[in-house]
Structures are given as C-alpha cells and as structure tokens.
Amino acid sequence: MNILIYKSILIFNFIILGILFLFCPEEVNKFYIFSCLITVLFSLIVFYRVKIRQTNQFILFSITTFFLLSYIIVHFQIPIIELFGISIKSNIFHFIWTDESIINKSIITSSLGILAFMIGSFILDRNIKEQKNIIVKYRTNKSILFLIVPTYIFYILFFITSGSYSLGAYYAGDQLGMSNYFFSAFNVFLSSILITRLYYISLINNQKINFIAYLKLFGMPVLIIVLWHIAFSFYVGDRGPVLIYSTLLMSLYFTRFHRFKFIYLIIFFLLVGPIMSLMSQARSRYIGQSYLDRMKNAQMVYSEKTKILSKFESDNIIMPQTVELAYSIRCLNHAIYSISDINDYFFGYFQIRQIVSCIPGAGGIFLKIFGDNNKKYNGSSGYITYLIQGDYPKYGDGTSVTADLYLDFGILGVIVGCMLFGAFLSRYEQYLYKNSINSMLIWIILLLYLSSALSLGRSTFLHIFQNVFIIYVVISINDLIIKKISSNE
C-alpha cells in the first residue's frame, strides 16, 4: 500500500476523533471509550507500517517508541483495565478521575494528542543527508579534560557532604546545604561527558563493534564514574539515575551497532518494573540495615503492600508492573476538571516558565514576578499538586505532557504541542541511527530526550531544556579551553 494512503488514514482517524470530541457525552459511555481506544490502536499499526516502509526497519530503541509507550501507559492503561470490568475503588475514584463527567473527555483528549503526534511525525519527514566537513572531536580524554576533572570533584564534594546518603540511606535529610548544588553540578558535567563521547562515537562508521569494544570507546575515567554512579544509585534506591544514565550510556550501542530486539523490551517490562519497585521498597532513611536485609524485607512485604495499595477492585489487572505510572492519568483529569471557562487557562504561563528556567535563577525571578512567589504556580506539577491536595500537600503529584499543555491552551494546546514534538523528531531523530550532525545543541536535545523518554509521558515536552542550556554552555567552554591550549602548543 502506498505511504500516502497510510498517511491519509491517520488524518482520517484524527478527523473521526475530532468529531467524537465535539459530541463527547458527559456520562460514562463504554462504547465511546472503546471507539477512541480502537481508533488509537489502529492508528498505531498504520503509523509503524509507515515507519517501517520509510526506514526498512522497526526501530524499538528510539525516542518515538519510548515516548509512545510511556504515553499509552499513562493515558490508556487504566481506561483499558476499566473496559475489562475492573473498576477503580470508590474511595479513591475522585483522586484518579475527579468526576464521572471527565472520563470520556480525558480519553478523547489523550487520543487526539497521540494522533497529533503521529501526524506531526510525517510533516517534516525526509531522508537526511550526510553532513560534510564534520570535525572529529572528543576522541581522547585530553579533549574533555575540563569535563572529566570537575565531574570527579563535584561528585566527591557531594559524597562527603551528603550525610547518611554515603552510607546507603535514601534522602535521610542530614546532608549539608551545599550538597544538592554539588549534586546538580555533578549531573551537568557527567551528562556533558557522555554527550561529548557519544558525539565522537557517532562519527565511527564501523558497524561491527561489540559490547566490550563499545564501552572502551568511552575511556576508563568516564566508565568508572558512570558505572559507579549507576551502581551506587541502585544500592541507595534512587531509580532516576539508574534509568537515565543506563539509557544514555547504551544509547548508540542499540541505535547503531546492535539491534534492540523485541524480546529485550518484553524482558524490560517483566523484570525491570518489579526490580524498580523493589528498589523503591528497599529504600531506607536509616543506616542500621544492610542492603541485603532491606531487599529481603522488601520482597516479603512487596506483594502484600501491592495488594493493600491497589486502587482497583481486583488484583488481576493488565500489566501491574506499570500501573504506578498509569496512575499519572489523574494529572490530566484534574487539569480538565479545573478548566470551566476560557478565563481559567494560563495562556502559555507554564510553557514560558520552562523556557525561562533554562537560565539558572531566572525561573525563580519569573515566579516572583508573575506567580506571586506561590509554589502552586511553580510549574504545572506544582499546580496539579495543589488541585489534588490543596494548599498543604504532603508530596508532589507530578504532571503529564497533556496536562501541562491543557492547562495553558486546552485541547488546542495538546494537539499543537504533540504535533510539534512529532515534527521535531521526524526531522532530527534519524541522526541517532545514522550519519552525524554538526549541531551540538540538537545532539544534546536528542540524547536528553532519549534518556528520559521512558518517563516522558508523565513529564513535559520542555522539561529537558532546563539542562540543555547549561550543558551546552559547559561543553562550549570546554571546547574553547581545549582549543586555546592546543593553539599554544
């Protein structure tokens, strides 16, 4: 079938969903929900048929696939579970859905968002041409010396000021005031190291690099600090660095040198989900227990605690490994419920704040001027937490890509935002799989999106830009210093 026909099918499906949106019933309608979900499923099949026809391969290890997985889990897993007759418990129904009148609107909004992303993925789609005159950089440790040294310095400073964290306690609260700043600086420099090394690796044309040879390309000083940080984060129970830096470290191996097979994805969901949950359960704010003791206790209470904390009437739910992520659907639900007329929209406030926050300290100034220095306006996650828990929250409820856009511009914001993100990936994501790119800025953006794509559904499209600017500045300063030293030799 011609690619143009496939694309026409996606546009037709989008129009169908648009009509369903216009006639969205207030009362829960299972046929309406089923119609939305089956349209999304059919569109996904068509979408990947086009992708395979264009690239002659099915790329699993990609921003697009990881984002779609997280988006589907966040926005559709709970509706699918409820379609199978397993309902949310009545005592927490408001926590998840806010009101029955929101259910249909939430699902159709999410459906239009994912279709808009698919259509956007074909707007700027074109075969990339190999860029010429690309300078081979970051091959030696000397070329990134002013990234490696600060990385070790900031990690050591963080470690010795982190209090009980250095002994295995997760956020015991006894760290020194400067510890968090040292940790932030360490993450910036560590990301900069990996991104520059990956840039060099992207210039290598050899397609027969094995796993060990690939790791050696990073250099021993880089590997030591990265693997140590991943291992110690696992020991402490901090899941974020484990996922982000593991994905970043292995990114080009699975996009260029070794095909990421479907079986790997199945193993990931069957094993990594429970392991991450056990890591969370094994966290301790105290240092009295060994890690093995914590893991044993976590295994003993995990199953029972899962049943107690389950928000469903039955334990036999689809993909229990990801249901914690799926609960994030509440963010969009509460965002929709909070908008009753046009005056309730924020008209770009949350998007502008994320862009302004690229400059260190500017986000705080923006909040003081335009947000009355109120924490609930400190990003869409802060506002959604306020919507759910009020003025005195006990924890953060987070956000989602759809909730973040909906609060600013409603359904139009969700459609345009998802479409623009799809268009960006269609233009630049291919550089992760073949050829090289001259722009370090685009390279940074691509790798940061890839490293966080598995959780992007419960985040925002612009969240990475708070790190993009500072990482770009740090790499540019390193390049200037190295260039100056080389010119004087």
Side-chain angles (χ1 to χ4, degrees), residues 61-63 134-156 158-159 183 185-235 238 240-260 264 431-437 440-454 464 467-468 470-472 474-479 481-482 486:
F61 200 94
S62 64
I63 303 171
I134 296 180
I135 300 173
V136 178
K137 297 190 295 185
Y138 315 120
R139 183 175 62 86
T140 64
N141 289 330
K142 181 181 177 181
S143 65
I144 55 172
L145 181 65
F146 292 93
L147 298 178
I148 294 176
V149 173
T151 299
Y152 276 87
I153 291 174
F154 282 122
Y155 188 78
I156 292 170
F158 157 70
F159 207 74
F183 189 60
F186 161 72
N187 279 303
V188 167
F189 277 91
L190 182 61
S191 297
S192 300
I193 286 178
L194 286 171
I195 288 168
T196 50
R197 261 301 193 254
L198 288 166
Y199 185 84
Y200 160 66
I201 294 172
S202 73
L203 302 175
I204 298 174
N205 293 320
N206 184 3
Q207 298 295 315
K208 297 182 179 180
I209 296 177
N210 60 37
F211 179 70
I212 301 300
Y214 172 80
L215 290 180
K216 286 182 178 179
L217 291 171
F218 287 92
M220 194 56 67
V222 177
L223 274 183
I224 289 173
I225 189 65
V226 173
L227 295 178
W228 165 260
H229 184 47
I230 292 173
F232 197 81
S233 296
F234 189 93
Y235 170 69
D238 192 358
V242 175
L243 283 174
I244 290 172
Y245 288 112
S246 296
T247 304
L248 203 55
L249 181 67
M250 299 307 300
S251 56
L252 292 193
Y253 180 71
F254 286 123
T255 58
R256 300 216 176 193
F257 307 119
H258 184 81
R259 188 166 66 90
F260 190 79
Y264 299 166
Y431 286 108
L432 289 173
Y433 319 127
K434 56 184 177 181
N435 298 337
S436 303
I437 189 169
M440 177 54 71
L441 182 61
I442 298 297
W443 186 246
I444 294 170
I445 293 171
L446 286 173
L447 287 174
L448 290 186
Y449 268 134
L450 180 61
S451 65
S452 62
L454 282 168
I464 67 160
N467 292 322
V468 167
I470 188 66
I471 289 174
Y472 182 74
V474 165
I475 292 175
S476 298
I477 292 173
N478 173 78
D479 290 352
I481 295 174
I482 295 298
S486 299

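In what follows, every heavy atom counts, from backbone to side chain, and hydrogens, waters and symmetry copies are set aside. All figures in this text were calculated on a predicted structure; none of them were measured in a lab.
W443 contributes a side-chain N or O that, together with a main-chain N or O of I195, makes up a donor-acceptor pair within less than 3.5 Å. In this structure a side-chain-to-backbone donor-acceptor pair under 3.5 Å is missing from R259 to F254. Side chain of Y199 to main chain of I437: a donor-acceptor pair is present (N/O by atom type, distance under 3.5 Å, no hydrogens or angles). Using modelled atom types, one side-chain atom of T196 and one backbone atom of I193 make a donor-acceptor pair closer than 3.5 Å. A donor-acceptor pair under 3.5 Å links the side-chain atoms of N187 to the main chain of F183, judged by distance alone.
Atoms CG and CD1, from N467 and I445 in turn, are 12.0 Å apart once rounded to the nearest 0.5 Å. Note that OG of S191 is 9.0 Å distant from CD1 of I475, once rounded to the nearest 0.5 Å.
A pairwise comparison of heavy atoms in L217 and I209 identifies CD1-CD1, 4.1 Å as the closest pair. The shortest non-hydrogen separation linking R197 to S143 is NH1-OG, 4.5 Å. In terms of heavy-atom proximity, S451 sits nearest to T247 at CA-CG2, 3.9 Å. Across every non-hydrogen atom of L450 and S62, the tightest pair is CD1-C, 3.8 Å. Taking both residues in full, the closest heavy atoms of I63 and Y433 are given as N-OH, 4.1 Å, listed atom of the first, atom of the second, then distance.
Between Y449 and I464, the closest side-chain pair of non-hydrogen atoms falls below 4.5 Å. The shortest distance between side-chain heavy atoms of L227 and Y245 does not fall below 4.5 Å. Between M250 and F211, some side-chain heavy-atom pair lies under the 4.5 Å cut-off. You'll find the side chain of V222 reaches within 4.5 Å of the side chain of I144, heavy atoms only. Using a 4.5 Å heavy-atom threshold, the side chains of I471 and F189 count as separate. Between F158 and F186 the shortest side-chain heavy-atom distance does not fall below 4.5 Å. A 4.5 Å side-chain heavy-atom check between S192 and N478 finds every atom pair outside the cut-off.
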Next on the checklist: Walk me through whether L198 and L248 qualify under side chain to side chain contact (heavy atoms under 4.5 Å, CB included).
Outcome noted: CA-CA 9 Å; L198 288 166; L248 203 55; 4.3 Å; yes
Item to check | Pair L223-L249, side chain to side chain contact (heavy atoms under 4.5 Å, CB included): steps then yes or no | outcome: CA-CA 9 Å; L223 274 183; L249 181 67; 4.2 Å; yes
Item to check | Worked verdict on L432 versus L447 for side chain to side chain contact (heavy atoms under 4.5 Å, CB included) | outcome: CA-CA 8 Å; L432 289 173; L447 287 174; 3.9 Å; yes
Next on the checklist: Evaluate I477 against F146 for side chain to side chain contact (heavy atoms under 4.5 Å, CB included), listing each step before the verdict.
Outcome noted: CA-CA 9 Å; I477 292 173; F146 292 93; over 6 Å; no
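Not counting sequence neighbours, H229 has no partner by the side-chain hydrogen bond (donor to acceptor under 3.5 Å, both in side chains) test.
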Let me have the donor-acceptor pairs involving side chains of residues 149-156, under 3.5 Å, with sequence neighbours excluded, atom names and distances please.
| residue | atom | partner | partner atom | Å |
| --- | --- | --- | --- | --- |
| T151 | OG1 | L147 | O | 2.6 |
| Y152 | OH | P221 | O | 2.6 |
| Y155 | OH | W228 | NE1 | 2.9 |

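For residues 209-220, there are no side chain to side chain donor-acceptor pair (under 3.5 Å) pairs, not counting sequence neighbours.
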